[in-house]
Undergrad: 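The structure that follows is given in the form of structure tokens.
Excluded from the calculations below are hydrogen atoms, water molecules and symmetry mates; all remaining heavy atoms, backbone and side chain alike, are included. Just so you know, ligand 1 is whichever comes first in the structure, and atom 1 is the first atom listed for that ligand.
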Amino acid sequence: MSIPLLDLQAQYCSIKDEIDAAVMKVIESCHFILGSKVQELEEKVAAFCGAKYGVGVANGTDALILSLEAMGIGAGDEIITTPFTFFATTECISRVGAKPVFVDIDPKTFNLDIDLIEEKINENTRAIMPVHIFGQPVDMDIVMAIAKKHNLKVIEDACQAIGAEFNGKRIGGLGDTGCFSFFPSKNLGCAGDGGMVVTNDKDLAERVHLLRQHGSPKKYHHTILGHNSRLDALQAAILLVKLKYLDSWNDKRRENAYIYSELLKNVDVTTPFEMDNVKHVYHLYIIRTKKRDELEKALREAGISTGIYYPVPLHLQEVYADLGYKWGDLLESEKASKETIALPLYAELEREQIESVVEVVKRAIL
Ligand SMILES: *Cc1c(COP(=O)(O)O)cnc(C)c1O
């Protein structure tokens, strides 16, 4: 039996008619860039995460970059974040000329360790960028309290966690900005690249608005240097169909994650830890084992796809050699990079498939 890490085909088949109709409507309208579909999606995604404003952009990376630029963050500024994330998180910080300052992770949640943030704050610190990694929210009460105390901005990298909740509130709307990616494999994915910034701050929303379209408040009038970073109408139309299903898909992901964790209870692997005041949306189902590489091989040979998130923590990436970190500096992140593996997880995954994966895990781990 072959089991993919993620089965986008299964999702598409379940809503094919609706998606096809939505796509054809946009094509027939010949209105492809921004427009009413994008605006409708912006309103709905903002409302979905309890924020006032949403601004569609070209991808999640740009959502982060435009957030930073809208806040006036650039050369000489420091942003505190985690090294255990996708590279885009800190690429954006470096891209605007600022410096990522890494704190180690909590080995249970894989999220940045909130107890280590304050010691890294100095006069150059401008913001904290929590990443809700694998779909589990960072403790936003603590992050926001630290930010308030030190007058820092908070940019949520919410790319892996749309629909997740902290203390009953959806993430994305909790920081100064929340950044989403609609990359196809995310919990809410489009048919290409897409992203969005959400915020409750009118000024920031207006700045991101300007930045995404050449700094142009009015056609051929430019007040600042911007980007071409728009969400297109086809993607918005597809996302509007899918947004209706997001909660039920996230619930199915959670159910499937619990089935795995139950079946793996007596197996010598560490299953995901879920904080009790969150709704984790399991963008990825990550287990930990010292036999990670053997397990990866056994699953591959059985036709089961897995993923390694992330094999090299960001402080040790070649591109960041000049930041001067070395192995041993952020031990928990480094250990996690050697011990974690993602098992197949998506809404349409069947119980029998989960059982097959678990059987292979059991055999490999014994
Ligand atoms: C996917 C992702 C991004 C970037 O999103 P793109 O849409 O691919 O640019 C940023 N941060 C994290 C944590 C992500 O998972």
Undergrad: Closest heavy-atom contact between S337 and V312?
TA: CB-N, 4.5 Å
Undergrad: Assess the pair F102 and Y325: is the distance between their ring centroids shorter than 6.0 Å?
TA: yes
Undergrad: Between Q11 and K242, do the side chains contain an N or O donor and an N or O acceptor separated by less than 3.5 Å?
TA: yes
Undergrad: Say you draw a straight line from CD1 of I133 to OG1 of T89; how long is it, rounded to the nearest 0.5 Å?
TA: 6.5 Å
Undergrad: Check ligand 1 for close polar pairs with the protein: N or O on both sides, less than 3.5 Å.
TA:
residue  : atom   : partner : partner atom : Å
ligand 1 : 5 (O)  : S181    : OG           : 3.3
ligand 1 : 7 (O)  : G60     : N            : 2.7
ligand 1 : 7 (O)  : S181    : OG           : 2.6
ligand 1 : 9 (O)  : G60     : N            : 3.3
ligand 1 : 9 (O)  : T61     : N            : 2.8
ligand 1 : 9 (O)  : T61     : OG1          : 2.5
ligand 1 : 11 (N) : D157    : OD1          : 3.3
ligand 1 : 11 (N) : D157    : OD2          : 2.8
ligand 1 : 15 (O) : Q160    : NE2          : 2.9
ligand 1 : 15 (O) : K186    : NZ           : 2.6

Undergrad: Can you label the angle between the Y285 ring and the Y260 ring as parallel, tilted or perpendicular, going by 30° and 60°?
TA: parallel
Undergrad: Is there a chain of hydrophobic side chains (I, L, V, M, F, W, Y, each step under 4.5 Å between heavy atoms) that links L66 to I33?
TA: no
